[in-house]
Q: 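A single structure is presented below for examination.
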Amino acid sequence: QKNLALLSGDQIELAKMLMGENQGHLFAHWPEPGVDDEAKQLFVKQVEKLDSSYPGGLISYIRNARKLLADSKAGKNPYYGFTPSVPSGEVLTYGNETFIKFEEAGIKEARNTAFVLVAGGLGERLGYKGIKLALPSETTTGTCFLQHYIEAILALQNASSRMAEGKCQSQIPLAIMTSDDTHAQTLKLLESNAYFGMQQTQVKLLKQEKVACLGDNDARLALDPSDKYKIQTKPHGHGDVHALLYSSGVLTSWHSAGVKWVLFFQDTNGLLFKAIPASLGVSSIKGYHVNSLAVLRKAKEAIGGITKLTHKDGRSMVINVEYNQLDPLLRATGHADGDVNDETGFSPYPGNINQLILQLEPYIEELKKTNGAIEEFVNPKYKDSSKTAFKSSTRLECMMQDYPKSLDPSARVGFTVMDTWLAYAPVKNNPEDAAKVPKGNPYHSATSGEMAIYRANSLILRKSGAEIADPKVETFNGQEVEVWPRIVWNPHWALTSSDVKRKLSGSCQVSQQSTLVIKGSDVLVEKLSLDGTLVVKATEGAEVKICASVKNQGWHLKPVDYKDDSVAEEIRTRGFRIEKINQIELTYDKPGKFTFTS
Ligand code: UGB
């Protein structure tokens, strides 16, 4: 009571609310006024921040937590009453007529799209010290994930504006959700690289706040063990992105600028943009309110499964069921073996890769009702089977792909399955854990993420008529991977399967030990025989024809041990470095027409 004089009227109300919600322990240790007053005020400021950054305020957080903790204690199945079944969606095959039709439609729509990159995660599984966006997506060019994403969006912007009709925005906006763990480093990466060619005003950083930790089943907030004037906090999950986009006013400003689609994506998938034109086309042609991008998934693989859930009361939804819940749900509903591969060698439940395309108008309408709040879950680690105490404090979490859970069943929710080799190769696991992945399942490591880029580019060129040598199997950091020729192009060279076909007009042969790098929009490969390394860089306006036979010693992968601290973390986590012996490097830095022959 005596300490009330330290607080403003609003702060007193907040404190009273907390007392009413059985949170008296937060203040019980407060000494007389005059002692620790500054710390007390900082504490109240933190409480205000926790209150304002959660939809419905702290009171809602505490009440939601109490309910979810009670359900967890009672062992209540979140899917109780629902029967899972395999949903139907659009299954695409790279390069066929349907795929090309969707890609064309997608490129048209790109100009009406806003991109949202969720990048607030620390990447605990990966164990990398820096932000994941700064990691090289591949080490042949060293392009980091953020640069690659931004270049792809700019390339989409150029390609789309050439086809633009009617009202559309001049620049494609990019919002990046950061957190205290990633914000400063993300901003620094952008600023020190001139936003990788984007206008600064095109990029909007939205920082998610952490949420209060919970100390017991009554949702009593946990004080930080090292500071009694601080509530312990932890990340709330990528589901925060919806509330942030809504409360910041970003969605309404996009709507006024003519945006129709909002495309969400994750921080470390170097293949992603190869799948974006077609998946955007599916959204547009099918008129989906929600379109989740998916890939074929091995049973029990650690990615969520897209599932149709039908309730006894008639409700039904197509939703991601997290991998740790899908198997028990199937077992509990009459599938004795749980999640198993069918005759195709894959689980019938496609893998959610957490790339979502939402139609903006119905999205805004829905968020007006929910303020962006997403169904949450809690995952306490109990001390024992009585479930009365936790090993350490817990918190509520939410996932962005749970957005469709609150939608009316009439909402058009669909999904698009892409070839995995084309669409999905995230970098999530550290070398040690990756090496333990059961044979046949993807490693999702820096090693496999990089190899997947070379494989996808090699396969794409093959499907466009090039003769690309078979890969060699090699082991790096205990992971057996296929090493394809290191073929890399930047998105300005080609975004779609048709672009690649156009740029590859004649014969093209590439040996397994070769490296081919193409940077520039107007590089035409008329005839190429490559056994070694060729790097072509062409500035805007430089039209280059390649008509050559190139043979040199090239660039090679040299194994590196991930435990070798003398090697940079970005390199040793992939288990190899690139040794550059020699190469032909062509740089065209002025506009004009050029032909390279040899
Ligand atoms: N992220 C945030 O921005 N904020 C957060 O608080 C947490 C994460 P993870 P996760 O691709 O295979 C997801 O940690 O959550 C960002 C899907 O839920 O890489 O374990 C973070 O920066 C799962 O269904 O993945 O699993 C990153 O960009 C499956 O699709 C993104 O959120 C799985 O991804 C994902 O965070 C997958």
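Note that ligands are numbered from 1 as they come in the structure, with each ligand's atoms numbered from 1 the same way.
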Q: Can you check whether Arg125 has an N/O within less than 3.5 Å of an N/O in ligand 1?
A: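 Yes, at least one N or O pair falls under 3.5 Å.
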
Q: Near Asp267, which atoms of ligand 1 are under 4.0 Å from a heavy atom of that residue?
A: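 Within the 4.0 Å cut-off of Asp267, ligand 1 contributes 21 (C), 22 (O), 27 (C), 28 (O).
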
Q: List ligand 1 atoms under 4.0 Å from Gln208, heavy atoms only on the residue side.
A: 2 (C), 3 (O), 4 (N), 5 (C), 6 (O)

Q: Check the pair Thr416, Tyr288 against side chain to side chain donor-acceptor pair (under 3.5 Å), reporting the backbone distance first and the verdict last.
A: CA-CA 11 Å; Thr416 307; Tyr288 282 153; over 6 Å; no

Q: Give me the nearest non-hydrogen protein atom to atom 31 (C) of ligand 1 as residue plus atom name, then the distance to 0.1 Å.
A: Gln266 OE1, 3.7 Å

Q: Regarding Gln202 and Gln157, do their side chains bring together a donor and an acceptor under 3.5 Å, going by distance alone?
A: yes

Q: In sequence, state the C-alpha distance, the side-chain angles, and the governing distance for Lys368 and Glu366, and then conclude on salt bridge (Lys or Arg N to Asp or Glu O under 4.0 Å).
A: CA-CA 5 Å; Lys368 279 185 191 159; Glu366 181 65 15; over 6 Å; no

Q: With only distance considered, is Val118 within less than 3.5 Å of ligand 1 through an N or O on each side?
A: yes

Q: Heavy-atom contacts with Ile303 under 4.0 Å: which atoms of ligand 1 show up? List them by number with element.
A: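 Here the atoms of ligand 1 in question are 12 (O), 37 (C).
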
Q: Which atoms of ligand 1 sit under 4.0 Å from any heavy atom of Gly120?
A: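 Ligand 1 atoms under the 4.0 Å threshold to Gly120: 2 (C), 3 (O), 4 (N), 22 (O).
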
Q: Is the distance between the ring centroids of His242 and Tyr363 less than 6.0 Å?
A: yes

Q: Around atom 9 (P) of ligand 1, find the nearest protein heavy atom and jot down its residue, atom name and distance.
A: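 Ranking protein heavy atoms by distance from atom 9 (P) of ligand 1, first comes Lys428 NZ, 3.6 Å.
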
Q: Decide if the gap between the ring center of Tyr79 and the ring center of His311 is smaller than 6.0 angstrom.
A: no

Q: Got the closest protein heavy atom to atom 15 (O) of ligand 1, with its distance?
A: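 The closest heavy atom on the protein side is His238 NE2, 3.0 Å.
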
Q: Just to check, does Tyr424 reach to within less than 4.0 Å of ligand 1 when the distance is taken from its heavy atoms?
A: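 A heavy atom of Tyr424 does come that close to ligand 1.
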
Q: With atoms numbered from 1 as shown, which atoms in ligand 1 lie under 4.0 angstrom from a non-hydrogen atom of Lys132?
A: 19 (O)

Q: Counting each atom of ligand 1 from 1 as listed, which ones have a heavy atom of Ala119 under 4.0 Å away?
A: 3 (O), 22 (O)

Q: Please confirm whether Met399 comes within less than 3.5 Å of ligand 1 when only nitrogen or oxygen atoms on both sides are compared.
A: no

Q: Just to verify, which of Leu251, Leu245, Val262 counts as forming a side chain to side chain contact (heavy atoms under 4.5 Å, CB included) with Ile364?
A: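 Considering Leu251, Leu245, Val262, a side chain to side chain contact (heavy atoms under 4.5 Å, CB included) with Ile364 is found only for Leu251.
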
Q: Can Lys210 and Asp181 be said to form a salt bridge (Lys or Arg N to Asp or Glu O under 4.0 Å), step by step?
A: CA-CA 10 Å; Lys210 291 184 179 170; Asp181 298 323; 3.4 Å; yes

Q: May I ask you to identify the nearest protein heavy atom to atom 1 (N) of ligand 1, giving residue, atom name and distance to one decimal place in Å?
A: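 I find the closest protein heavy atom is Gly121 N, 3.5 Å.
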
Q: Given the rule in the salt bridge (Lys or Arg N to Asp or Glu O under 4.0 Å) test, do Glu48 and Lys45 qualify, once you have shown the distances and angles that lead to the verdict?
A: CA-CA 5 Å; Glu48 282 183 312; Lys45 284 220 157 63; 5.8 Å; no

Q: Which bit of His444 gets closer than 4.0 Å to ligand 1, counting heavy atoms only: side chain, backbone, both or neither?
A: neither

Q: Under a 4.0 Å threshold between the charged nitrogen and the carboxylate oxygen, would Arg395 count as salt-bridged to Glu397?
A: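 So Glu397 pairs with Arg395 through a salt bridge.
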
Q: In this structure, which one of Arg297, Lys298, Lys300 forms a side chain to side chain contact (heavy atoms under 4.5 Å, CB included) with Asn441?
A: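 Answer to the side chain to side chain contact (heavy atoms under 4.5 Å, CB included) test with Asn441 among Arg297, Lys298, Lys300: Lys298.
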
Q: Could a heavy atom of Gly237 be found less than 4.0 Å from some atom of ligand 1?
A: yes

Q: On the 0 to 90° scale, with breaks at 30° and 60°, tag the Phe273-Tyr149 ring pair as parallel, tilted or perpendicular.
A: tilted

Q: Looking at atom 30 (O) of ligand 1, what's its closest protein heavy atom, distance included?
A: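 That would be Asn352 O, 2.6 Å.
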
Q: Within the 4.0 Å heavy-atom shell around Gln401, which atoms of ligand 1 are there?
A: 17 (C), 18 (O), 23 (C), 24 (O)

Q: Between the side chains of Ser347 and Asp339, is a donor N or O closer than 3.5 angstrom to an acceptor N or O?
A: yes

Q: Give the atom numbers and elements of ligand 1 that come within less than 4.0 Å of a heavy atom of Asn320.
A: 24 (O)

Q: For atom 23 (C) of ligand 1, what's the nearest protein heavy atom and its distance?
A: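 It is Glu322 OE2, 3.4 Å.
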
